[in-house]
Amino acid sequence: MAIQFDCPYCTSTLKVPDSSAGKQGDCPRCGTKLMIPNPFAMSEQSASAAQETQAATQSQPAPMPAANGAGQAVAPPPGDSVAAEQRPMTSATAQYLRKRRKSNVGAVLLVILCFGLMLGAAGYFYWTYGPHLEGNLVGARMTPEDASLEQLQKTSGLGLSEEVVQAVNDSFKATPRRVQSDLMDMLFFGPEQGGLKVRLKPGEKTEIVRVDLTGDPALMEYIKQHGTQLDQARYSELQSQLQAFYTDWHRFLQEGGMMPDLINYRNTIGLNSLMGGLGYHMEARVNNRVFPCVHDDFDGGLYFLVPKGTLQFEILGRKMENGWTKFPGKYTVQVTQQYQGG
């Protein structure tokens, strides 16, 4: 035998064992706590009336079974096992669940809106009260005799064998490789003291201008606070490209075939080894044309390749491959003198 009754909240039909009579349980449909009726506590008169009613109903046709998907849900108290099916939801129940889902979506949208407002407020206060990285700076052009930049490559920490590194370095010592264009002249060579070195000179139509950053205290403070963070991307790219360069060139020496692309390595190794984090994230623009930063002397000077005879240009943040522009400033540079460097 089993006790059958309807949940008064979601109208699901429930079946529980006789032993559950008079106990509390949870409706498996809506989770509401309810009291299981106890038909055995009825009086003798009520029992007789119930028997007469049951006899009358037995003479009527049996009810049709529920349609597919319909059934009865079970809400046994803890410890009782009950099997049951579920009825289709009533329109009132369905409406309640739809309202509940809509309220959850509204709460999520509210959280997203609040988060967006917080980011907007942070951006507003940063641009309003943060450092204003804009203004005018002074540049000095380098003479052709002084316009030469060199850097020895560091091969420690690349995870390569000493045999591979030495073979590549000896190859460039015996046969230096040059990458020339109107923009720059980059030479990869092996110096007498060993290792691999790059040397950069301006191209036939360009010159190097040193921009003095010390004229803007806000910019110098920005470099002090963010210099290490800015340099992470440059250093990571340089290390990975150095590893690829030595691996590719050693394979070329062993197997022959097509020479590795030195133009790519000119930018990712040559330029990256000559400049620091700030220069990596900046570029010069002359008449809407982009020119690279090529050196950072870590003494308040950034060096840019620009067309010969340039008197004024802009420096601003470079847009990276991921679409982000790390440096938020923009400066106008006036080229007023010859660089008298050491």
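- No donor-acceptor contact under 3.5 angstrom links the side chains of Asn136 and Gln334, judged on distance only.
- Looking at heavy atoms from C-beta onward, Glu283 lies out of side-chain contact with Cys293 at the 4.5 angstrom threshold.
- Of all heavy-atom pairs spanning Ala167 and His250, the tightest one is CB-CD2, 3.9 Å.
- The ring of Phe172 has its center closer than 6.0 angstrom to the ring center of Phe245.
- In Asn322, the CG atom is crowded: over 12 heavy atoms of neighbouring residues, nucleotides or ligands sit closer than 6.0 Å.
- Counted within 6.0 Å of CZ on Phe298, heavy atoms from surrounding residues, nucleotides or ligands total more than 12; the atom is thus considered enclosed.
- Note that CD of Gln151 is 12.0 Å distant from CE of Met275, once rounded to the nearest 0.5 Å.
- For the residue pair Gln338 / Thr143, no side-chain donor-acceptor distance below 3.5 Å is found, with atom types taken as modelled.
- Under a 4.0 Å N-O distance rule, the pair Asp170/Lys173 does not qualify as a salt bridge.
- Of the inter-residue distances, the one linking Leu274 atom CG with Asp297 atom CG reads 12.0 Å to the nearest 0.5 angstrom.
- The local environment of CD in Gln193 is crowded, with over 12 non-hydrogen atoms from other residues, nucleotides or ligands closer than 6.0 Å.
- In summary, the aromatic rings of Phe327 and Tyr222 are positioned with their centroids under 6.0 Å apart.
- Defined by atom type and a distance below 3.5 Å, a donor-acceptor pair is missing between the side-chain atoms of Gln239 and Gln243.
- The minimum heavy-atom distance between Leu133 and Tyr331, with the atom names listed, is CA-OH, 3.2 Å.
- Here the CG atom belonging to Leu219 is positioned 6.5 Å from the CG atom belonging to Leu137, to the nearest 0.5 angstrom.
- Both tests hold for Arg199 against Phe189: distance to the six-membered ring centre under 6.0 Å, angle to the ring axis within 45°.
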Please report the C-alpha distance between Lys308 and Glu207 in whole Å, then the side-chain angles of each, then the deciding distance to 0.1 Å, and finally whether the salt bridge (Lys or Arg N to Asp or Glu O under 4.0 Å) criterion is met. CA-CA 5 Å; Lys308 287 183 177 179; Glu207 62 184 356; over 6 Å; no

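- Asp231 places a side-chain N or O within donor-acceptor distance of the main-chain N or O of Gly277, the cut-off being under 3.5 Å.
- Contact between Arg177 and Met259 at its shortest, heavy atoms only, is NH1-CE, 3.2 Å.
- The ring pair (Phe, Tyr, Trp, His ring centres under 6.0 Å) test applied to Tyr303 returns His295, not counting sequence neighbours.
- By the 6.0 Å and 45° rule, Arg318 stacks over the aromatic ring of Tyr280.
- Distance alone, capped at 3.5 Å, places no donor-acceptor pair between the Ser236 side chain and the Gln232 backbone.
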